[in-house]
2 protein chains.
Amino acid sequence: MSAATHTHDLDQLPDQISEDELCELAELFKIFGDSTRIRILFALFRSEKNVTEICEALEMNQSAISHQLKILRTSKLISARREGKAMVYSLADDHVKTIIAMGKEHIEE
Amino acid sequence: MSAATHTHDLDQLPDQISEDELCELAELFKIFGDSTRIRILFALFRSEKNVTEICEALEMNQSAISHQLKILRTSKLISARREGKAMVYSLADDHVKTIIAMGKEHIEE
DNA sequence: TTAACATATGAATATATTATCATATGTTTA
DNA sequence: TAAACATATGATAATATATTCATATGTTAA
């Protein structure tokens, strides 16, 4: 890990945080804490995809995927738009990538 | 969010990742996805603490705390040392802070 | 406007997780 | 060494969660 990265980390250190915020945080991480959801997120890293494409990428049935997409959408981690019959999902913002990247750094040590 | 932060984020973008790694990631985030555990981690941000002190900080019973400490320790997010009768716990490394900081950034938007 | 396609959703089941209780283990001090 | 203190742990019960099945909703094309 680079020195620059460390500097960044400490810049963002949350010194003060309310109990409510901690619960919100736990809720957020809970979303990432499921392999189906994280696989969906990762599938969307490369490019936006519709539900059928996500099902194919993960080799899982459509209902299971739709249920998880709803959770991801409610958490504002992904966004959706309609394109004809299909719903196209994409990552909502770069924080998703960042959070996963941080996690990846940790497990790679 | 600063431009520098964004640069950092994209530096760390995991372009390639195995199914196994994705599951490991989910397991890691699952640890953060519980309010008791994240409150413990946050309590250890300021300073290392023994079990009794953590119980007092969180106003929770000792058994519940010990069970969660075990999970955090198994996940290598905290480490422990004995000090007399007490076990003193502390954060294992800065990744914990980083990951929580990233999550905090997300929910604050 | 009906059929085919794409996605969403409610209910049910299976599984996982958390906190509690009771108690065991480990450490110090009287 | 026995008692007191500190922590860990197994079993249980309560709760939460994920997937599946059946079906509803929404969209396009025949």
Side-chain angles (χ1 to χ4, degrees), chain A residues 19 22-44 47-92, chain B residues 19 22-44 47-92:
Chain A
E19 287 291 308
L22 284 176
C23 284
E24 261 190 276
L25 264 182
E27 290 305 309
L28 175 65
F29 287 124
K30 200 172 288 180
I31 306 300
F32 289 92
D34 173 83
S35 60
T36 298
R37 285 192 292 267
I38 214 162
R39 288 171 73 214
I40 291 174
L41 292 174
F42 202 79
L44 298 179
S47 61
E48 55 181 23
K49 290 182 174 56
N50 65 39
V51 178
T52 301
E53 289 169 330
I54 298 171
C55 291
E56 286 165 359
L58 273 66
E59 300 182 75
M60 284 183 65
N61 96 52
Q62 179 266 317
S63 181
I65 296 295
S66 277
H67 278 295
Q68 296 306 331
L69 286 171
K70 176 160 193 140
I71 292 172
L72 288 166
R73 201 175 168 184
T74 301
S75 313
K76 306 251 177 77
L77 296 179
I78 61 176
S79 51
R81 69 167 199 282
R82 183 168 281 282
E83 200 167 82
K85 303 177 212 170
M87 292 294 293
V88 178
Y89 285 89
S90 55
L91 298 184
Chain B
E19 287 289 308
L22 285 176
C23 284
E24 261 190 276
L25 264 181
E27 290 306 309
L28 174 64
F29 287 124
K30 199 173 290 180
I31 306 300
F32 289 91
D34 174 83
S35 61
T36 299
R37 285 191 293 266
I38 215 161
R39 287 171 72 215
I40 292 174
L41 292 174
F42 202 78
L44 298 179
S47 60
E48 56 181 25
K49 288 182 174 58
N50 65 37
V51 179
T52 301
E53 290 169 330
I54 297 171
C55 291
E56 285 165 359
L58 272 66
E59 300 182 77
M60 284 183 66
N61 94 53
Q62 179 266 317
S63 180
I65 295 294
S66 277
H67 278 294
Q68 296 306 332
L69 286 172
K70 174 158 193 143
I71 292 172
L72 288 166
R73 200 175 169 184
T74 301
S75 313
K76 307 252 177 75
L77 295 180
I78 62 177
S79 52
R81 69 167 199 283
R82 183 169 281 283
E83 200 167 82
K85 304 178 211 168
M87 291 295 292
V88 178
Y89 285 89
S90 54
L91 298 185

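Below, read A as the first sequence line, B as the second, and so on, with proteins coming before strands; counting in each chain starts at 1. Note: hydrogens, waters and symmetry copies are ignored here, and every other heavy atom, side chains too, is used.
In this view, B/S90 and B/E48, B/S79 satisfy the side chain to side chain contact (heavy atoms under 4.5 Å, CB included) rule, not counting sequence neighbours. In terms of the salt bridge (Lys or Arg N to Asp or Glu O under 4.0 Å) criterion, residue partners of A/E27 (sequence neighbours excluded) are, by chain and number, A/K30. Judged as a salt bridge (Lys or Arg N to Asp or Glu O under 4.0 Å), and not counting sequence neighbours, A/E59 has no contacts. Not counting sequence neighbours, A/E56 has no partner by the side chain to side chain donor-acceptor pair (under 3.5 Å) test. Shown here are the ring-ring contact (aromatic ring centres under 6.0 Å, His included) partners of A/F29, two or more places apart in sequence or in another chain: B/F32. Residues satisfying the side chain to side chain contact (heavy atoms under 4.5 Å, CB included) criterion with A/T36, sequence neighbours excluded, are A/D34, A/I40, A/L58, A/M60, A/Q68.
Side chain of A/R37 to main chain of A/I31: a donor-acceptor pair is present (N/O by atom type, distance under 3.5 Å, no hydrogens or angles).
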* Asked: When you check every protein heavy atom under 4.0 Å of nucleotides 14-20 of chain D, what one-letter string (B, S, -) results, 5' to 3'?
  -> ---SSBB
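Pairs of residues two or more places apart, or lying in two chains, that qualify as salt bridge (Lys or Arg N to Asp or Glu O under 4.0 Å) and include a residue from residues 83-92 of chain A are A/R81-A/E83.
We find that NZ of B/K70 is positioned 13 Å from P of D/dA11, with the value rounded to whole Å. Straight-line distance from the CZ atom of A/R73 to the P atom of C/dA8: 7 Å, rounded to whole Å.
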All N/O pairs under 3.5 Å across the protein-nucleotides 2-7 of chain D interface:
{"from": "D/dT7", "atom 1": "OP1", "to": "B/V51", "atom 2": "N", "distance (Å)": "3.2"}
{"from": "D/dT7", "atom 1": "OP1", "to": "B/M87", "atom 2": "N", "distance (Å)": "3.3"}
{"from": "D/dT7", "atom 1": "OP2", "to": "B/T52", "atom 2": "N", "distance (Å)": "3.0"}
{"from": "D/dT7", "atom 1": "OP2", "to": "B/T52", "atom 2": "OG1", "distance (Å)": "2.3"}

